[in-house]
Every structure is written in C-alpha cells, then in structure tokens.
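For reference, the structure discussed in these notes is given below.
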Amino acid sequence: MKKLFLLLAVAILTTVVCHSEQFVNLTPAPANMTVGTGVFRIPAGMKITAQGLTPEMQSEVTKFISDFNKSTGLGIGEGKNGRMTVRLNKEIATEGYNLDVTAKGIVLEASSPAGLFYGLQTIKKILPANVMAGTNYPRQKSYELPVVSIQDRPAYGYRGFMLDVSRHFFTADEIKRMLDVMSYYKLNRFHWHLTDDQGWRLPMDKYPLLTTVGATAPDVVITDYRAKKQYKAGKPYGPYSYTKEEIKDIVDYAKKLHIEVVPEVDMPGHFVAAMVAYPELSCDPKADRKVWDHGGVSRDVLNVANPAAVKLGEDVIDQLAELFPYPYIHIGGDECPTVAWENNADCRALMEKEGMKNPRQLQNRFIKQMADRAAKHGKKLYVWNEALTEEGADSAMLKNIDATVFCWVGVPQAVKKATSNGLGAIFTPIGPYYINRRQSRDAAPGAGPGNDDVKRTYTTVPFTTAVGSKDNCLGVQGTFWTEHVSDPDYMEYLALPRLIAIAEAGWTPQEKKDFADFQKRMTADAQLLDLGGYKYTRLYMLQPVGSSTGPDSPGRE
Ligand code: ACM
C-alpha cells in the first residue's frame with residue numbers, strides 16, 4: 001500500500017513537472033509562442049535546406065552558418081534533406097517570421113531578408129548565450145533548442161537607439177558594440193546625433209573648420225561613474241570627428257544587422273560649435289563665442305536670414321544624402337530660442353518682407369528649405385517635436401513635407417498633435433526613454449532625479465494619447481545624451497538594460513508584456529552581456545548574477 005502511494009506521488013509529480021512550461025529565453029518576447037516539451041539537439045554537421053529563397057535571403061543563411069560554426073565548432077552547412085529547413089513564405093509580414101522547432105528539427109519561414117534575419121536571431125537567442133555573443137565557449141558541449149512554435153512580427157517599424165556623439169565623442173568601435181547589442185534585441189534604427197553646441201563630428205569638404213575648430217571644446221566634464229565623481233578635465237577635448245570612411249564602415253556594419261542609420265545634424269539651434277568655426281553664419285558675428293564645455297540651451301542660433309547660412313544647411317543635407325543611403329535625414333529643430341533673430345536686423349527685415357507675425361516662422365521657412373533640398377535627393381525629414389509644438393510652428397507645412405515628429409517633451413500633447421495632423425510620430429519621452437538618466441538616487445552624478453529605473457522604462461506605455469490612424473504611430477526610441485557620460489563603459493552601463501526594455505516595447509504587443517517575466521529573462525541574459533563584455537546595471541535582477549563591474553550589486557543602491 002505504502003509502495004503504491006509512493007508510485008502515485010511520483011507519477012503526479014512527474015506530470016506536474018512535465019507540464020510546467022520550459023523556459024524560452026527570448027527577448028523581445030514574441031507576438032505568439034507555444035512552448036512544447038523536449039528539445040532539439042543540433043547535431044554536428046547538421047544540414048540546412050533552403051527552399052525558394054531570394055539571393056539576399058540566401059546570404060542571411062550563409063552568414064548564419066558561418067557565425068554559428070565559429071562559436072560552436074559544430075560544422076553545420078547547406079545540403080539536401082536537412083534537419084533544418086529555411087523557406088520563403090510570402091504570407092508572412094515584412095520583418096516577421098515563423099519558427100517551428102520539434103524534436104526532429106527546425107523549420108524557419110519568412111518573406112524578406114529582414115524577417116529571415118530576425119528568425120535566425122531568435123534561433124541564436126534561444127540557444128546557449130555564446131551563440132548570440134559570437135564567442136567560442138568550450139565548456140558548452142551541446143546546443144539544444146526548446147521545442148517551440150513561434151509566429152512573430154514587430155509591433156512597430158521604427159525601433160531605435162539614439163547616441164549623442166557631440167557632448168562626448170564615441171569611436172566607431174564603441175558604436176559597433178552598441179549596434180551588436182541592438183541586433184540581439186531586434187532594434188533596427190541607429191539615430192546618430194552628430195552635431196551640437198559642444199562639437200561637430202561630421203566631415204564636410206567645403207567647411208574644413210567644422211571638424212577642427214568646431215570639433216574641439218576648451219574643456220570637458222568627465223564622470224567617473226564607479227567613484228560617483230564628476231570633474232572638469234582641465235584640457236581641450238578634441239578635435240574629434242569621423243572620417244567619411246568610418247561613417248561608411250558604420251553604415252555597412254549596421255546594414256548587415258538590418259539597422260538603418262539615421263544621421264542628425266541639429267539646426268538651426270544647438271549650433272554653437274559650427275558658429276565658432278564660421279561666426280559669419282551667426283546672428284552676432286563679433287560675439288566672443290567658444291565651443292561649449294557644458295550643457296544647456298543656447299540662445300546663440302544660426303542666422304537663418306543669411307543666404308550663406310541656408311547654403312550651409314543645404315550643403316549639410318547634400319553631405320548626409322551622400323553618406324547615408326536611407327530615406328530620412330534628421331535636422332533636429334529642438335530647443336531653438338528666437339531671441340537672437342528678434343535682435344538681428346537681417347531676420348527682422350526678412351520677417352517684414354515675408355509678412356511674418358511670429359519669429360518662429362523663420363524656423364518654419366528654414367525647415368521647408370531643408371525639406372526641399374532633401375526632396376532633391378528623394379529624402380524626407382525627421383524633426384524633434386518643438387518644430388510642431390512651439391507657438392507659431394507650422395503644422396500644415398510639416399504635413400506638406402511629410403515630416404516625422406520625434407516626441408520627447410510634453411509628449412502626450414506632442415503625440416496627439418502629430419497624429420491628429422496625420423504626421424508620423426516616434427515615442428521617446430524624456431524620463432523613461434532618455435536612457436542616459438540616473439536610474440537610482442545615489443548613482444553617479446548625471447541627468448535626472450534618479451527615478452528613471454528599468455521598471456519605469458519598461459512599464460511606460462507608448463502612444464496612449466495618439467488619435468486617428470495607428471499607422472502614424474511609427475515606433476519607439478531609446479535616446480542617449482552624453483553631457484554627463486564621457487566613456488563607453490558608463491554609456492553601456494546606463495543604456496543596458498533600459499534600451500532592451502524599449503526594444504521590447506517596439507516589438508512585443510502591449511498585452512504580451514510582463515515586467516516580472518522581463519526581469520527573469522534579463523537575469524538570464526547577464527551571461528550574454530558578460531560574454532560580450534558589456535557593462536550594465538544589475539538593479540533589475542531577480543538574484544545577483546553576472547559580473548558587470550557597475551557599482552550597483554543589488555542591495556548596494
Ligand atoms: C532634446 O532632448 N533636446 C531633443
């Protein structure tokens with residue numbers, strides 16, 4: 001009798017254990033996923049059979065095989081009757097894919113190279129972490145995928161990360177590390193903030209002083225995030241800028257990861273560095289100006305009534321069009337006080353001549369001029385929301401040029417105004433989506449009050465105030481300003497994993513999001529981030545794992 005009872009107990013326990021779902025470590029969480037029991041172990045020498053793929057899709061498979069073999073040594077390759085099939089399925093959304101893993105093998109379907117890439121990224125992501133990290137890890141002996149059926153596609157087409165390289169400069173290699181981590185989590189836009197009051201980083205053949213005089217600050221703020229100290233370097237910073245070859249290299253590198261690069265040259269505000277190089281383009285050429293070594297909003301802005309200043313803007317558009325092969329150019333347009341225009345005779349005369357009632361109309365005129373130039377290259381403009389939301393801004397003109405609005409300040413109203421005018425909107429609110437901000441109260445000196453933590457970022461719901469068509473809600477972006485962030489370790493440490501939380505907002509349907517589940521997945525991803533040598537905060541973790549050298553082991557902050 002006792003024995004029978006024991007057998008019964010074991011049987012019940014086995015059933016319970018077998019029915020508890022196995023953990024599939026996939027971020028962003030997929031649109032649809034059914035988890036089965038058991039695994040498929042990838043055999044050495046496994047063959048992959050491609051069916052109906054376009055040449056571009058075929059090269060995704062070739063790259064996957066080469067990457068997979070480098071990190072696992074399993075020697076897989078293409079061939080007939082393979083245990084893995086990769087197939088064209090035209091029914092699937094662009095960027096979407098279907099993945100079926102059974103105990104017998106793998107079937108992956110997509111309709112586009114991007115969709116196939118994301119399907120292959122999912123396979124890498126749910127295998128042991130060294131596969132996604134691209135590192136050989138001899139201790140990992142077998143490579144098993146959980147039995148699972150996934151039908152996936154992103155919630156939004158724009159899933160971005162912005163990096164400010166003006167306030168502090170970041171090298172091409174430092175940017176590539178961020179592109180890599182973006183690709184782990186299916187982000188697809190790198191917004192490169194190339195110029196600001198503190199430094200000009202874009203090469204311009206016709207204006208050589210931009211990347212010498214305009215790319216050197218007299219001093220710079222350094223933050224030692226581990227020691228929680230901030231100080232002035234006490235020496236010039238720069239000249240720092242990219243060469244055209246470096247820019248092309250970044251664009252190519254990103255392209256392979258299905259990331260489009262969105263260049264930004266912020267005009268006509270945030271333009272001090274350029275006007276130190278070319279003071280004649282300012283509203284007060286005789287002013288004593290220096291490249292800024294501090295943050296803030298300058299009232300010293302481009303003289304948009306000067307044809308030579310407009311010409312510089314057009315030359316910028318031409319230069320960006322040459323270097324960046326994508327349909328959009330970001331011209332900033334944020335934080336542009338009009339007082340310098342009000343005090344300038346040329347600007348006042350132009351207002352009078354054009355019958356302008358509000359100095360903001362000078363900015364509207366400038367935006368239209370830049371849009372016309374961009375249109376010559378078949379491109380359109382991205383702008384920050386002030387271009388739409390400041391008093392006197394011209395929503396009809398923005399609609400006419402089909403601008404897209406990056407909503408960061410007064411976001412509920414900005415999103416509402418953009419979408420009600422039929423303009424595309426990107427959601428990147430200061431606070432939870434400004435991922436350079438301090439995420440705890442006693443963190444290193446930096447921006448924000450210290451409450452923009454991972455949970456706040458994760459639980460922020462995009463586009464709650466949008467009106468009209470959902471088609472205008474184009475996507476989300478993690479935005480990273482670098483006034484306080486002087487080195488790549490600190491940048492990564494602040495960005496991760498908040499950027500990953502935003503990646504999930506960009507990909508996963510809102511109703512499928514779950515912070516506790518995200519925490520569990522991020523805790524597991526410490527291994528992936530460690531293998532990549534990334535710095536990241538562990539404040540979100542369920543238990544202290546991982547080896548980031550950040551000063552924030554749980555319990556300390
Ligand atoms: C911004 O934060 N000034 C776009």
Side-chain angles (χ1 to χ4, degrees), residues 158 160-168 170 189-202 221 262-274 292 294-302 316 328-340 360 363 366-367 370 381-391 393 398 403-415 417-418 423-439 446-449 452 456-457 460 462 474-485 491 494-495 498-499 502:
Y158 184 112
F161 169 58
M162 191 212 83
L163 182 64
D164 164 15
V165 296
S166 171
R167 275 56 179 264
H168 285 95
F170 293 84
R189 295 289 185 279
F190 173 56
H191 171 181
W192 203 354
H193 184 84
L194 286 161
T195 67
D196 217 300
D197 302 310
Q198 292 80 353
W200 184 283
R201 314 296 177 205
L202 174 74
V221 173
V262 174
E264 179 187 351
V265 169
D266 203 343
M267 320 186 260
H270 285 284
F271 214 72
V272 171
W292 275 23
H294 54 279
V297 176
S298 177
R299 305 197 318 178
D300 185 14
V301 302
L302 187 66
V316 163
Y328 287 93
I329 287 174
H330 203 308
I331 62 152
D334 57 320
E335 297 181 321
C336 183
T338 57
V339 60
R360 186 64 57 198
Q363 184 176 358
F366 181 78
I367 292 173
M370 296 305 109
L381 297 187
Y382 285 151
V383 291
W384 292 109
N385 69 255
E386 290 97 315
L388 173 70
T389 52
E390 285 287 346
E391 196 192 329
L398 292 175
T404 298
V405 182
F406 280 53
C407 300
W408 75 277
V409 66
V411 169
Q413 296 80 8
V415 165
K417 190 159 186 191
L423 295 170
I426 305 294
F427 182 84
T428 183
I430 182 170
Y433 278 36
Y434 270 31
I435 54 175
N436 56 291
R437 286 163 72 91
R438 298 158 74 229
Q439 37 197 339
D452 293 309
R456 183 149 183 253
T457 301
T460 296
L474 298 180
V476 297
Q477 174 167 289
T479 292
F480 200 110
W481 302 105
T482 58
E483 285 94 332
H484 302 274
V485 179
M491 188 259 286
L494 286 168
R498 285 183 291 188
L499 181 59
I502 294 166

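In listed order, ligands and their atoms are each counted from 1.
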**Asked** When you measure from atom 3 (N) of ligand 1 to every protein heavy atom, which one gives the shortest distance, and what is it?
**Response**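 Ranked first by proximity to atom 3 (N) of ligand 1 is Asp334 OD2, 2.7 Å.
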
**Request:** Below 4.0 angstrom from a heavy atom of Trp481, which ligand 1 atoms are there? Numbered from 1 as shown, please.
**Result:**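 The atoms of ligand 1 under 4.0 Å from a heavy atom of Trp481 are 1 (C), 2 (O), 4 (C).
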
**Sub-4.0 Å atoms of ligand 1 with respect to non-hydrogen atoms of Tyr434** =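 With Tyr434 as reference, the close atoms of ligand 1 come out as 1 (C), 2 (O), 4 (C).
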
**Message:** Please check: side-chain N/O of Asn385 versus main-chain N/O of Val405, any donor-acceptor pairing under 3.5 Å?
**Reply:**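 Absent.
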
**Backbone of Ser166 reached by a side-chain donor or acceptor of Arg201 within 3.5 Å** =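 Side chain of Arg201 to backbone of Ser166, a donor-acceptor pair under 3.5 Å: yes, one is there.
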
Can the ring centroids of [X] and [Y] be said to lie less than 6.0 angstrom from one another?
X: Tyr382; Y: His191; result: no
X: His330; Y: Trp384; result: yes
X: Phe406; Y: Trp408; result: no

**Prompt:** Taking N or O atoms only and a 3.5 Å limit, does Trp408 qualify as a polar contact for ligand 1?
**Reply:**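 No; every N/O pair is 3.5 Å or more apart.
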
**Complete:** So for Phe406 against ligand 1, with non-hydrogen atoms under 4.0 Å, the contacting part is neither

